Amino acid sequence: MKTIPQWQLRAAFARRLSERYGREVPAYTTLVDVSREVNEDVLRRTGADAERLGSIERVTAERHGAIRVGTPAELQQVARIFGALGMVPVGFYDLREAAASAVPVVSTAFRPIEADELARNPFRVFTSMLTPADPRFFDDDLRARLENFLGRRRLFPPELLELADRADRDHELSEVDAERFLGLAVGAFELSAEPVDRAWYQELEKVSSVAADIGGVSSTHVNHLTPRVLDIDELYRRMSARGIEMIDAIQGPPRWAGPDVLLRQTSFRALAEPRRMREADGSVTTGALRVRFGEVEARGIALTRKGRERYDELLAETDRRSSGHDRAEVAKTVWQQGFPDTERGLIEDGLAFFTYHLREDRPRRGPTSLTASWVDARPIVYEDFLPRSAAGIFQSNLSGAGTRDNTREGAHYDVARLSGVLERDIHDPYELYERQQNATVEQLMDERT
Ligand code: OOG
Ligand code: NI
């Protein structure tokens, strides 16, 4: 009997979601087309350099998505579904603190963690869970009604979860089960046709449009899918030229002459989509909600903790110097002064992760160092997210800032609590990169002795 391994389930899931999203959000199709064009141009212009951070096949198929759920039980089910696809939780993001607007969620990202799995298909999903227990956003009465509403809904059919557990356990599914699993899984993340209770939605929206998007409806949905592009500035220009209004900035490090690090992202607001609404008198009408958007990203080299601290300092320095000036220009200057402009500089200062390999032409004996000419250093791609950029993306797509009462103490969430909810370890991204790097360093040292 033919079976489908996990990585093929993951690739098929990403492809089907993408096809579905493109049919429903036409600007997304434009984004994917323009990304492909830009990537082909970069490949033509720069040859092998274009593939330094991943093969063109990987980059072309690469997507991340984002979903939001309401309760620990829902998050736990999401972990089972992504577990089936070989995706595990990595990193903890507290967007309540990162955002100026009301974004009452904590998040993790589900993704593959082994280098060969990432090379096959790196699909990742940024996943946020609502925090109704945070009194800065929800008073006792609203919290009780919200938790009651969330407790009654069912996001995922039992059959989907059973198939997910089977795939997680066996690392594969039969062809028939795979088809069934993929159909149910894609369906579970679609926008629902179920009428939205207008009064309830609006009540939550006053607090936070993210809260309304999560707790005002009876299902979850993918709120954006993000292709990867090799030149995000060029993409930004081409999208704007096609009349698609992008947010006013590219989030993350600036465009500059040095190596690309971490992640640069930008997005556009999707149009309002018609939705069925249930009115106070019980009648069903047609309204509109703007809950889906588009985003695109360029990925760079993963930074060490030290590199990340440097990045955060440069960002803060840019903020300080920016008022009244062009932020992108200021950022470029700040980076030129504060960040190595070559990969070798990054290695010497211990700021970024690489894998290290001996070249053919190495001398037979003698000590080696990671910057020796016979050592080939290959950058490790940043596979994760940035809380400040995520908050920026959230914010630029909200309908209003919402409200928060900062005189109250926030509910405490951390990685340990979220991992308890998930009943799984949440991987530390730094440890994953370091493990990958160190394995090659050890091998290199072995080969030299
Ligand atoms: C998630 C926003 C975070 C990113 O790329 O940083 C994100 C959301 O809007 O639910 O996807
Ligand atoms: Ni995103």
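These numbers come from a predicted model, not from an experiment. Numbering of ligands and ligand atoms starts at 1, following listing order. Positions are given from 1, in the same order as the sequence printed here.
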Open item on the list: I'd like to know whether the aromatic ring centres of Phe385 and His64 sit less than 6.0 Å apart in this structure.
Closed with: yes

Open item on the list: If we count only N and O atoms by modelled type, under 3.5 Å, do the side chains of Tyr28 and Ser18 hold a donor and an acceptor together?
Closed with: yes

Task: Residues forming a side chain to side chain donor-acceptor pair (under 3.5 Å) with Glu114, sequence neighbours excluded - done: none

Task: Modelled atom types, side-chain donor and acceptor of Ser218 and Glu194, under 3.5 Å - done: no

Open item on the list: Which residue is it: Thr30, Asp41, Asp33? I am looking for the one with a side chain to side chain donor-acceptor pair (under 3.5 Å) to Arg238.
Closed with: Asp41

TODO: Have a look around the Ni ion (ligand 2) and list protein N/O/S atoms under 2.8 Å, or say none.
DONE: His64 NE2, His224 NE2, Glu295 OE1

TODO: Please identify each residue that fulfils ring pair (Phe, Tyr, Trp, His ring centres under 6.0 Å) with Phe394, with sequence neighbours left out.
DONE: none

TODO: Report the distance from atom CG of Leu204 to atom CZ of Arg145, rounding to the nearest 0.5 Å.
DONE: 8.0 Å

TODO: Write down, by chain and number, every protein residue that brings a non-hydrogen atom to less than 4.0 Å from an atom of ligand 1.
DONE: His64, Ala66, Arg68, Phe126, Asn223, His224, Gln265, Phe293, Glu295, Phe385, Ala390, Phe394

TODO: Could you walk me through whether Ile380 and Tyr433 pass side-chain contact (heavy atoms from CB on, under 4.5 Å), step by step?
DONE: CA-CA 7 Å; Ile380 299 180; Tyr433 298 123; 3.7 Å; yes

TODO: Check Asp425, Leu75, Ile426, Ile113 against Pro89 for a side-chain contact (heavy atoms from CB on, under 4.5 Å) and give me the one that passes.
DONE: Ile426

